[in-house]
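To keep things clear, I will list the structure first and then write my remarks on it.
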Number of protein chains: 4
Amino acid sequence: MDKPTTERHLRHWQRRKQARPAEILDAAMAVFAEKGFAAARMEDIALKAGVTKGTIYLYFPSKEEVFKSLAREQVGHSLILATEQAEKYEGSAFDFLKFFYARFFECVLQSDVAVLPKIIIGESGNFPELARFWREEVIEKATDMLSAVIAKAIARGEIRALPIDHIAKLAMAPVLMCLVWHTTFEKTSDRTFNYTEYLATQCDVFFKGLAPEGPTL
Amino acid sequence: MDKPTTERHLRHWQRRKQARPAEILDAAMAVFAEKGFAAARMEDIALKAGVTKGTIYLYFPSKEEVFKSLAREQVGHSLILATEQAEKYEGSAFDFLKFFYARFFECVLQSDVAVLPKIIIGESGNFPELARFWREEVIEKATDMLSAVIAKAIARGEIRALPIDHIAKLAMAPVLMCLVWHTTFEKTSDRTFNYTEYLATQCDVFFKGLAPEGPTL
Amino acid sequence: MDKPTTERHLRHWQRRKQARPAEILDAAMAVFAEKGFAAARMEDIALKAGVTKGTIYLYFPSKEEVFKSLAREQVGHSLILATEQAEKYEGSAFDFLKFFYARFFECVLQSDVAVLPKIIIGESGNFPELARFWREEVIEKATDMLSAVIAKAIARGEIRALPIDHIAKLAMAPVLMCLVWHTTFEKTSDRTFNYTEYLATQCDVFFKGLAPEGPTL
Amino acid sequence: MDKPTTERHLRHWQRRKQARPAEILDAAMAVFAEKGFAAARMEDIALKAGVTKGTIYLYFPSKEEVFKSLAREQVGHSLILATEQAEKYEGSAFDFLKFFYARFFECVLQSDVAVLPKIIIGESGNFPELARFWREEVIEKATDMLSAVIAKAIARGEIRALPIDHIAKLAMAPVLMCLVWHTTFEKTSDRTFNYTEYLATQCDVFFKGLAPEGPTL
DNA sequence: AATGAATGAGATTTCATTCAT
DNA sequence: GATGAATGAAATCTCATTCAT
C-alpha cells in the first residue's frame, strides 16, 4: 500500500502473469463466500475469474490448494502488518483496542475476507492442517499481539492482573461474534446489528471491567 | 392393531422402529461433526447407525432433512427448557450468568451438540433457511432470555443502563469463542484452553464492567 | 356371466382366498394404467389393493409375473367368449362388425382393460414373450374370428374377394385408433373424439368399400 | 474467435462438438427403441454413442430431455415438410393418399422413427406434456393436412360428405396399425405382414367406400 | 396368511480433473 | 498460455425383494 517502489518497477508482462492467480483467488474468495468450500464449483470460480476451468489448473494443482492459497495469502495483508504496528505501540491499551476494533471493522467486516474464518470453521474437520495454520498464523498472532499490549498495560497498572491469555481472548470474542453474525445470520435477519456501536459498548464495559480500582474513564 | 400397546408387548422390530430415527440421528451427528454436511456420506451415517443406506430413507426423505431434524430436535432439549427457568428466575443477573455459563459448559461443550452451530456457520450459504431457523429458535431465544434478566437487573440498579441487546450479545460472545475453539481449533492445539476458568474471568470482568458505580463485588 | 352354477357353489373361504389375487390384479391394472410398467411401484399396487407389499409376493413371484397374469387373465373374459359366439354366427358380416365394434366400445374402451395393449406396446422390447402371447392369444384370435366371418361373407358374395387377412386388419385398425387415442391422447385433448360415431362412419365407409358392385345399402 | 469459421477450418474437437448431440440422439433412439424409456440406461446410450455417461450431460440436462429432443427434432424432418407439399397439392385425394401411404412406408416404417410413437404410447402416463406435444405437433398436423385435402375432394364431389375428421382418422388408422405391428409384434411373428399391399388394399376399399355414387375407378 | 422393516443393487446426476488442440 | 470437451469416480436416492415376527 505504501510500498510503491518495488511494485512500480515490475514490467508489464510480469504484472499480467502475476495478475492471473490473483484474479482467480479473488473469484474463488467470492464463490467460497457464497457456497462454502464443498459446494463451490471450479466452473463457477473460472467463470467469475473470466477464464476456463482448465486455466485454474495451470496455477493451482487442485481446488484444495486454491483454498489454502486464499487462506494463507489473505492473512498477511490484514494482520501481519498490524502486528508490527502493535509491537511499537506505546499508547494506552484502551486506545489500542479501539483502534484494533476499528481496523477489524474496516478490513474484515467490509470485505470478503470475513468468509475465510467462516469456511475454516465449517471445514475444519476436512482440513485440519488449515485449521492449524489459521490458528497458528492468525489467531495466535493476534492473541500474542494483544497479549503484548495487555502485559504492558498490566505492568503499567492500567489494567488488573488477570490471566493475560483470557483477557486477550475476551477482547477477541466480540470480534468473533461480529464475524459470525455478519457471515451467517445477517442476511436472514431483519433486526439490524450495528457492529460499530456494539464494539463501542464492548470497549466501555470491557475496560471498566479491567480497571484496577474504580472506573478508569 | 387392537393388541395391547404397552411397551413390553411391542414386538422386536417395533421397538427397533421407534429407536431407529434416534439411532440414525446420533450417527448423523457424529458424522456431520467429523466431516461437515457436504462431505458426510449417507453410507457413513448408515454404517455408524448399524443399518444400510436404504434404511435411512425409510425415516428421512433426504440428507438435508436428516440435518434439519438434528438441528431442530437437539435444540429444544438444551435450550427451550433453560428459557423457562430463566423466566421465573429472581436472583441477581450475576448469579444467573454464572449458572448460564456452567450449563453451557456441561450441556454443549461436553456433548456433540456443539458441532451444530459449527455446521450452520459453515453451510449457511447453502442452507439459508437453516441459518434463519437457528437464529430465530436458538440465538434470539437465548438473547431474549438474557435480555429479560438484564432488563430486570437494570431496573434494580444492579447494572448500568446500556443497550440491552449489546449486553446480551456481549455475554454470549465468550460462549461463541469457546464453541468455535472447541470444535475448530482444540484438536490441533497443544496449549490447552480452560473453558471454565475463561468463563470465570469473563464473569469477573463483565460484571465489574457493567456495575453502575464502583465494583459490585 | 351367464354361468352361475359353478361360481355359486364355491364355499365362502374359497372365494375369500381366491379374491386376494383378483384384488391385487385389479389394483395392479389401475396402477399400470396410470404409470406404465416400469414406473409402477409395488407399494402403490399394494396400497391400492389394501394389503402390504409383502402380501403380493405370497401370490406372485415378481412384478413381472403380476403383469403377465393381468395380460393373460383379462383377455379370456372379453375375447375368447366372443370368439365362440362368432363361430356360430350366421347373420351378415355387416351386422357382425357393428356388433363387434359395439362390444369393443363397451368392454374395452369403458374399462381399464384398454391399458393392457398400451403397456404391451410400450414394453414389448422388455417383454417379448408377452408381445408374442398377446399377438397369439388376442390379435390372432380376433383376426381369425373376423376372418371366418369375412370368408363366409365372401363366399356368400356379400363382400368382394380381397385378401382376407387385410380385410380383417383393416376392420381392426379403427379399433386400434380408438384404443390409442383413448389411452394416450384423450386426457390432454380438448377436441372430443366420439368413438361411437367414428366407428359408425367406419362401418358405413368400410362396407360400401367392400361391396361387390354398387353400394349394398 | 476471429478466425475463419468455415467448415474446413474447424478444429477437430469443434467438429466433434457439433456432431455430438446428433450422435447421442441417434444412440438414444436405438436404445429407447429397444428398451423403452424407463428401462433405457444412460450408460447404454453413452456406450452406443461412443462416449461416457458424463458426456451426455454436457449436451442434455437429463434423460427426459434427451427423449424430448428426440421427439421434437425427429418430427419436423418427416412431417412438417410433407404438410407444405400437401397444401399446394391439386390432384385427386385418391392419389394423395397413395402418395401419403408410400411416404409413410419409406420414411417411418423403414427407419427408427417408428419407435417414437411407440414410446409415447407406452409412457404417456409419465410424460403427459410429451403426449400433448406429439398430438399437437404430429397427429393434429397430419390430421389437418389430410382434412384439407379431403375437404377439397368433398367440394369437388370426389368423395361423399361425411364428417371430415372421421375420414381423416379412418385414413390414418391403417397407418397406426402398421406402426404398432412393426414395432411391437413383427419380431415375434412368423406370418409376414406386407405393409405395402395392406395399404394398397386400404386405398382400394377406402376410396370405393368414400365414392359418392357408384365406384369411382 | 400377513406384515413391514430392512436390504442392496442399480439408476441418475455431478464435478474435479485431464489433455489434445 | 489457454481452452473446453471428455472422463469417471463418487454421491444421492429408489424400489423390488426378503424374512423375522
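Each chain gets a letter, A, B and so on, in the order its sequence line appears, and its residues count up from 1. These values consider heavy atoms only, across backbone and side chains, with no hydrogens, waters or symmetry-generated copies.
Scanning for side-chain contact (heavy atoms from CB on, under 4.5 Å) contacts around D:Lys68 gives D:Glu64, D:Glu65, D:Arg72, D:Glu129, D:Leu130, with sequence neighbours left out. Here B:Phe127 pairs with B:Phe37 under the ring-ring contact (aromatic ring centres under 6.0 Å, His included) rule; sequence neighbours left out.
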Indicate every side-chain donor-acceptor pair of residues 115-125 of chain A with a distance under 3.5 Å to a residue at least two apart or in another chain.
residue	atom	partner	partner atom	Å
A:Lys118	NZ	B:Ser124	OG	3.4
A:Glu123	OE1	A:Asn126	ND2	3.0
A:Ser124	OG	B:Lys118	NZ	3.4

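Residue D:Leu58 places its side chain closer to F:dT7 than to any other of E:dT17, E:dA6, F:dT7.
Between B:Tyr57 and D:Ile56, the residue whose closest nucleotide on DNA chain F is further toward the 5' end is D:Ile56.
The shortest heavy-atom contact between D:Tyr59 and D:Pro21 is CD2-CG, 3.8 Å. Shown here for B:Ile24 and B:Ala49, the closest heavy-atom pair between the two residues is CA-CB, 4.1 Å. Here the closest heavy-atom approach between residue D:Thr184 and residue C:Ala131 is recorded as O-CB, 3.7 Å. Closest approach of B:Phe133 and B:Ala71 over heavy atoms only: CE2-O, 3.8 Å.
Between atom CG of residue D:Asp44 and atom CD of residue D:Glu34 there is a gap of 8.0 Å, rounded to the nearest 0.5 Å.
If you take CG of C:Leu47 and P of F:dC15, they are 14 Å apart, rounded to a whole angstrom. In this structure, C:Ile45 places its CD1 atom 12 Å from P of F:dC15, rounding to the nearest Å. Atoms CD1 (B:Ile24) and C1' (E:dA5) sit 11 Å apart, rounded to a whole Å. Distance B:Met42 CE to E:dT13 C1': 16 Å, rounded to the nearest Å. Between the CD atom of C:Glu43 and the P atom of E:dG4 there is a distance of 10 Å, given to the nearest Å. Separating the CZ atom of A:Arg20 from the C1' atom of F:dT3 is a distance of 12 Å, rounded to the nearest angstrom. Distance, C:Asn126 CG to E:dA11 P: 12 Å, rounded to whole Å. Between A:Lys53 atom NZ and E:dC15 atom P the separation is 10 Å, expressed in whole Å.
Taking only side-chain nitrogens and oxygens, D:Tyr59 comes nearer than 4.0 Å to OP1 or OP2 of F:dA6. Between C:Thr55 and E:dT3, a side-chain N or O to OP1/OP2 separation shorter than 4.0 Å is present.
The stretch residues 30-40 of chain D has no heavy atom under 4.0 angstrom from DNA chain F at all. Near-neighbour residues of DNA chain F inside residues 61-69 of chain B, defined by a heavy atom below 4.0 Å, number-ordered: B:Ser62, B:Lys63.
In this structure the side chain of A:Val51 reaches within 4.5 angstrom of the side chain of A:Arg20, judged on heavy atoms. Counting heavy atoms from C-beta outward, D:Phe60 and D:Leu25 have side chains that approach closer than 4.5 Å. No side-chain heavy atom of D:Phe32 sits under 4.5 Å from any side-chain heavy atom of D:Asp112.
Secondary-structure annotation of DNA chain F gives the stems E:2-21 with F:2-21, with a stem taken as at least 3 successive Watson-Crick or G-U pairs whose two distances both fall under 3.5 Å.
At distances below 3.5 Å, at least one donor-acceptor pair connects side-chain atoms of B:Lys63 with backbone N or O atoms of B:Ala38.
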